[in-house]
Amino acid sequence: MVTSYIPLNLDECLKILSDKQVRIVAGGTDMLIQNRSHTSMPIGFKSDVCYISNIEELKKIYEDETFVYIGSVCSLEAIMESELVPELLKNTILEMASPAIRHTATLAGNIGNASPAGDSLVPLYLLDALVEKRSIKGVSKVALSDFITGVRKIDLEKDELITKVIIPKISFTKSYFKKVGPRLSDAISKLSFAGAYKLENDLVKDIRIAFGSVNVTVVRRRDLEERLIGKTKDEVKKMVSEIVDWYEEFIKPIDDQRSNKEYRKSISLKLLRSFIENIE
Amino acid sequence: MAKIKFKLNGEIKELDTDPSRRLLDVLRDDFNLTGPKEGCGEGECGACAVLMNKEIVNSCSVPLANVLNKEIITIEGFSKTKRYQVIKDSFAKAGGVQCGFCTPGMIIATESLLNKNPHPNEFEIKIGLSGNLCRCTGYNLIIEAVKLAAEAGEGLW
Amino acid sequence: MKDISISINKVDNEDKCSGKAKYVADYKLEGMLYAFTVRSQIAKGEILKIEYPELPNGYYVVDYKDVPGKNIVKVIYEDMPVFTTGKITYLYEPISLIIGPEKQVLNDLLKQVKITYKEEEPVFEWTDSVVHYHFDKGLGEKAFQGLEKVEYDYKTSYQEQAYIETQGFIGYPEKDKVTLLGSIQCPYYVKNAVVQALGEKEDNVRVIQATVGGAFGGKEEYPSLIGCQLAVAVKKIKKPIQLIFEREEDMLVTTKRHPSRVHFEGYVLDNKIHGLKAVVGIDGGANIGLSGVVLSRALIACTGAYKIDNLDISGDVFRTNTVPNGAFRGFGAPQMFFAVEMFFEHVAKKLGIDPLEFKLNHLAKQNDFTSTMGIFRDPVLMPEMITKVIETSDYLNKRKEYEKSEFKGVGMSLFFHGCGFTGSGEQNHIKAKVKLKKDKDKVYILIAAVDMGQGVKTSFRKLVSHILEIDIERVIFDNPDTDFVPDSGPTVASRTMMIVGGIVARAAKEMKDRFDEESFVVEKQYVQPEYIKYDEATFKGDAYPAYSWGVNVVEVEVDKDTYQVSIKKTWSVYDIGKAIDERIVMGQADGGLAQGLAYGYLEVMEHKQGKIMQKNMTDYIIPTAMDMCPMETYLFDNPYAFGPYGAKGVGELSLIGGAPAVAMAIEQAIKRRVFKIPVTPEYIMELINNGEN
């Protein structure tokens with residue numbers, strides 16, 4: 001039988017991570033399914049486990065002048081209900097999970113999982129979210145886009161724990177998230193899209209575009225976004241076909257039991273087109 | 001093995017067991033609370049729903065470790081309340097019960113919703129029930145039941 | 001007397017709401033063992049060698065060598081072994097059970113089973129026809145000569161029953177008996193199958209129904225297979241054993257709705273179809289089982305709700321190396337009604353006529369001949385029903401308006417369902433018996449009908465109490481137990497209220513005449529209406545004693561960016577004879593339509609090399625509350641003489657019109673012709689890019 005650790009505070013947890021080789025489980029909504037064994041049998045973890053959901057220090061949401069800090073075991077529900085959290089992220093949570101999942105699943109769990117179909121990653125990439133990691137040796141911050149290194153691969157040492165998700169405070173003229181699932185709720189995405197922009201006197205000051213479920217991880221191209229900054233909104237709108245062409249090569253979806261690559265690619269680009277055309 | 005203490009249907013329980021067991025199995029196997037059902041085993045259908053600190057969770061995807069110091073109410077516990085009576089009567093009146101396998105979960109979902117939002121509109125009801133699959137009714141009769149419960153239970157939530 | 005249709009509280013509401021109702025997985029027997037199934041890992045071939053790990057004390061393997069009777073599951077077409085003797089015909093075919101007290105140990109043992117196969121090339125093409133039917137009406141193809149031919153092809157996919165409670169049994173020994181408690185629709189199907197597999201006397205097999213968490217046909221014949229396996233194990237080991245599928249196993253190995261292909265040729269003169277040729281294929285999977293009956297129901301429905309004088313109809317059940325397909329609410333009719341409704345729509349468009357007008361011109365009337373030269377004996381209320389649905393849905397205006405707009409559509413389906421078994425099934429095969437027992441102040445309904453959510457326990461108690469004019473509390477109806485109830489037949493084919501209820505009503509009337517007596521039993525048997533004469537070989541005669549009819553209107557919107565379909569609202573009118581309880585019927589109406597709609601646009605299931613790709617509730621998408629829409633439903637009374645209070649079949653009817661109506665609505669919304677279901681966003685994209693209007 002594997003050993004389970006249930007630390008009640010952060011120091012205790014970091015000590016365990018430093019001393020032992022463990023899998024970290026937060027809400028468990030995904031880890032339990034991935035490692036499911038049989039009815040009436042414990043979850044079939046292959047290594048020892050550290051359950052972190054009882055660590056009160058990691059359940060806070062607060063802000064300073066530049067960032068919103070979300071403790072890593074805050075439930076999605078708590079995040080959705082917080083006044084500090086950007087609307088884009090709240091809308092995503094509402095679309096991505098049923099109430100029962102929202103009450104237990106966490107944002108850090110989504111990040112730690114690094115699934116290509118992780119819906120919450122799309123707005124987090126768009127918002128330039130950072131991940132705070134901690135070990136007994138200290139604390140560090142890393143951009144989410146650097147933290148996720150591939151399909152279910154993350155930049156986390158065995159003694160480290162994700163302690164916070166940090167979201168820069170940015171104001172947009174408009175932000176938009178679209179999940180395209182096989183039904184209207186409670187399902188894994190076929191694809192998802194997020195877009196946001198900021199206009200000042202019709203000039204594009206900021207524009208961000210992110211795609212989910214169409215590559216090994218979220219697709220966001222700052223280099224392409226930068227080409228649009230400083231242009232007027234009408235100039236950008238006129239460029240719509242060109243912009244769609246730019247992104248075309250980065251949308252590389254797969255066929256699976258939920259959809260096919262033609263649909264995923266075509267609809268991703270349609271959503272991009274529609275987003276650009278509707279800049280107001 | 002670890003000692004896990006939690007409140008179950010109003011009583012403090014302490015188990016010395018594997019914290020990697022699913023809450024659903026602990027409820028059904030250790031406490032013979034068979035109201036929560038296993039429909040899919042992966043958090044998709046909601047038949048295993050219980051209240052954890054008054055909010056709906058899928059007990060098939062909650063490890064016992066995460067129940068430490070929490071309050072769990074199953075349909076068996078909830079069925080002793082006035083709110084349950086109102087919801088049950090509404091389900092009966094609307095015709096929201098067919099095979100019954102999803103029903104305890106649906107009632108838990110209704111309680112969790114009304115507890116947070118005593119006057120939900122139709123869209124909010126649909127969201128509130130969106131994690132509970134029913135194959136028999138097509139949902140309208142259940143949505144109707146939630147509406148009736150919200151009306152009949154005025155002041156209870 | 002109060003109108004029987006006025007709704008009462010369902011008798012099982014209290015137990016089901018409070019969690020007290022006991023489903024099979026909720027029973028724990030002293031010393032109960034668990035059974036895991038060893039399954040083939042190839043789709044076709046021969047087992048050369050099986051090596052089981054050394055079994056700890058108290059663990060057992062049970063396979064074909066332990067089957068004391070006939071190693072064949074008793075279904076209509078007997079080709080499914082209880083356990084394979086070595087020949088593998090589909091992926092995950094059951095080979096043996098490993099049984100013991102600890103699931104952890106069983107799980108480890110299962111992983112250590114080593115099987116060596118001689119693999120063969122599996123067949124997935126529809127080439128191996130096992131059942132072939134053909135029939136003509138009128139002049140058959142001779143009538144087609146010289147007429148304009150219009151032809152189209154239609155396709156339907158798998159549909160999974162997706163009952164929320166998976167399949168399962170607990171079996172235990174009782175003296176000389178093997179007793180099975182399970183989630184089943186047909187206690188006597190299981191009993192008869194087990195009697196054959198064990199080679200036992202009838203008295204030594206007992207089958208009891210636990211509360212059933214949804215079935216929809218999925219628990220019609222499949223439970224006979226696992227019931228036999230478990231009975232063999234109980235007979236050998238002589239201990240209580242639980243065999244309950246978890247979701248993934250259930251979805252990978254249990255029967256599903258048959259995928260179908262329908263080729264139609266309509267022969268047209270003066271804007272009327274005078275002749276119809278249909279070539280139909282359904283995929284039976286690895287075992288034929290009851291697929292032949294599914295095919296015949298589909299073929300008989302080939303003209304839809306219409307009258308066509310000359311028919312040349314043929315169909316095949318093909319055997320493939322895939323999971324066996326079987327019963328699912330509608331039983332062949334949903335496939336055919338999708339095809340025929342679309343065909344009428346498409347022919348009308350081709351001829352440049354309004355489809356509704358075209359359909360109305362062909363609508364069957366009372367005393368018209370059916371496709372099999374039977375007669376629609378009862379009044380056909382379809383014209384009035386269509387008027388009602390048009391009024392309530394504003395169909396005509398919407399239809400006109402959406403012709404001009406984009407991504408909005410409305411569709412109307414017209415359909416019927418033949419109530420009860422096809423042909424002389426009742427008379428020749430089932431021979432239903434019922435008993436009513438009066439014991440002092442209580443009356444006991446003794447029938448084998450199963451309440452799987454459709455409300456049989458309530459409606460039957462209501463029926464009997466109504467006839468006897470006594471309080472419903474005095475009428476008792478427990479879950480069937482074959483030791484106590486006679487074989488009133490399976491709970492299938494929308495026959496329960498019309499057929500079994502009809503017999504029970506006769507028994508109740510006799511009981512009423514003798515109600516002064518303190519304790520007695522009334523026994524009654526099915527009597528076929530004299531006019532029913534049907535020849536199964538030639539498809540000639542009255543295939544059904546009565547027909548239920550329906551009209552659905554469905555309004556949709558298609559997202560212009562993502563092609564996701566949202567259903568805005570539905571309007572339905574049904575003629576089910578007479579509702580025994582209106583609220584129960586409304587529940588069947590909504591629930592059936594939800595399944596029919598989802599079959600039409602949402603539920604995707606496919607196999608790849610014989611492996612079902614959507615193997616859990618995450619990947620197999622059934623609707624949530626968010627996906628369904630308001631449904632407006634009206635019932636027209638049209639009593640059938642032999643049904644209790646005039647009741648006809650209800651359960652399956654409401655599923656049948658959903659898929660064609662939603663497909664037609666989508667067709668209008670995207671201005672492209674739809675030829676297959678489900679109409680997924682992926683298919684819509686394909687049509688928008690390459691389809692034609």
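Protein chains get the first letters and strands the later ones, always in sequence-line order, with residue 1 at the start of each.
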**Q** Tell me, side chain or backbone of A/Leu184 under 4.5 Å from chain B's heavy atoms, or both, or neither?
**A** neither
**Q** At a 4.5 Å cut-off on heavy atoms, which part of A/Met41 comes close to chain B: side chain, backbone, both, or neither?
**A** backbone
**Q** Please report the shortest heavy-atom distance between B/Cys60 and A/Leu32, naming the atom on each side.
**A** O-CD2, 4.0 Å
**Q** Quick one: of B/Val26, B/Leu24, B/Ile108, B/Val57, who has the most non-hydrogen atom pairs under 4.5 Å with chain A?
**A** B/Val57
**Q** What parts of residues 83-93 of chain B touch chain A if we use heavy atoms and a cut-off under 4.5 Å?
**A** none
**Q** Check each atom of A/Leu94 against the heavy atoms of chain B and say whether the ones under 4.5 Å are side chain, backbone, both or neither.
**A** side chain
**Q** Of all the heavy-atom pairs spanning B/Ala65 and A/Ile6, show the shortest one and how long it is.
**A** CB-CD1, 3.7 Å
**Q** What part of A/Ala26 gets closer than 4.5 Å to chain B, counting heavy atoms only: side chain, backbone, both or neither?
**A** backbone
**Q** Pick one of side chain, backbone, both or neither for A/Ile43, based on which atoms fall under 4.5 Å of a heavy atom in chain B.
**A** both
**Q** Under a 4.5 Å heavy-atom cut-off, does chain A meet the side chain of B/Leu133, its backbone, both or neither?
**A** side chain
**Q** Record all donor-acceptor atom pairs with a distance under 3.5 Å between chain B and chain A; write none if the list is empty.
**A**
{"residue": "B/Ser20", "atom": "O", "partner": "A/Ile43", "partner atom": "N", "Å": "2.9"}
{"residue": "B/Ser20", "atom": "OG", "partner": "A/Ser4", "partner atom": "OG", "Å": "3.4"}
{"residue": "B/Ser20", "atom": "OG", "partner": "A/Tyr51", "partner atom": "OH", "Å": "2.6"}
{"residue": "B/Asp25", "atom": "OD1", "partner": "A/Ser40", "partner atom": "N", "Å": "3.0"}
{"residue": "B/Asp25", "atom": "OD2", "partner": "A/Ser40", "partner atom": "N", "Å": "3.2"}
{"residue": "B/Asp29", "atom": "OD2", "partner": "A/Ser40", "partner atom": "OG", "Å": "2.8"}
{"residue": "B/Glu38", "atom": "OE1", "partner": "A/Thr39", "partner atom": "OG1", "Å": "3.2"}
{"residue": "B/Glu38", "atom": "OE2", "partner": "A/Arg36", "partner atom": "NH2", "Å": "2.4"}
{"residue": "B/Glu38", "atom": "OE2", "partner": "A/Thr39", "partner atom": "OG1", "Å": "3.3"}
{"residue": "B/Gly41", "atom": "O", "partner": "A/Arg36", "partner atom": "NE", "Å": "3.1"}
{"residue": "B/Glu44", "atom": "OE2", "partner": "A/Arg183", "partner atom": "NH2", "Å": "2.9"}
{"residue": "B/Ile56", "atom": "O", "partner": "A/His103", "partner atom": "ND1", "Å": "2.7"}
{"residue": "B/Ala65", "atom": "O", "partner": "A/Asn54", "partner atom": "ND2", "Å": "3.2"}
{"residue": "B/Asn66", "atom": "OD1", "partner": "A/Ser53", "partner atom": "OG", "Å": "3.0"}
{"residue": "B/Asn66", "atom": "ND2", "partner": "A/Ala26", "partner atom": "O", "Å": "2.8"}
{"residue": "B/Asn66", "atom": "ND2", "partner": "A/Gly27", "partner atom": "O", "Å": "3.4"}
{"residue": "B/Lys116", "atom": "NZ", "partner": "A/Glu77", "partner atom": "OE2", "Å": "2.7"}
{"residue": "B/Lys116", "atom": "NZ", "partner": "A/Glu81", "partner atom": "OE2", "Å": "3.2"}

**Q** Determine the minimum heavy-atom distance between B/Gly41 and A/Ile33, stating which atoms define it.
**A** O-CD1, 3.9 Å
**Q** At a 4.5 Å cut-off on heavy atoms, which part of B/Ile4 comes close to chain A: side chain, backbone, both, or neither?
**A** side chain
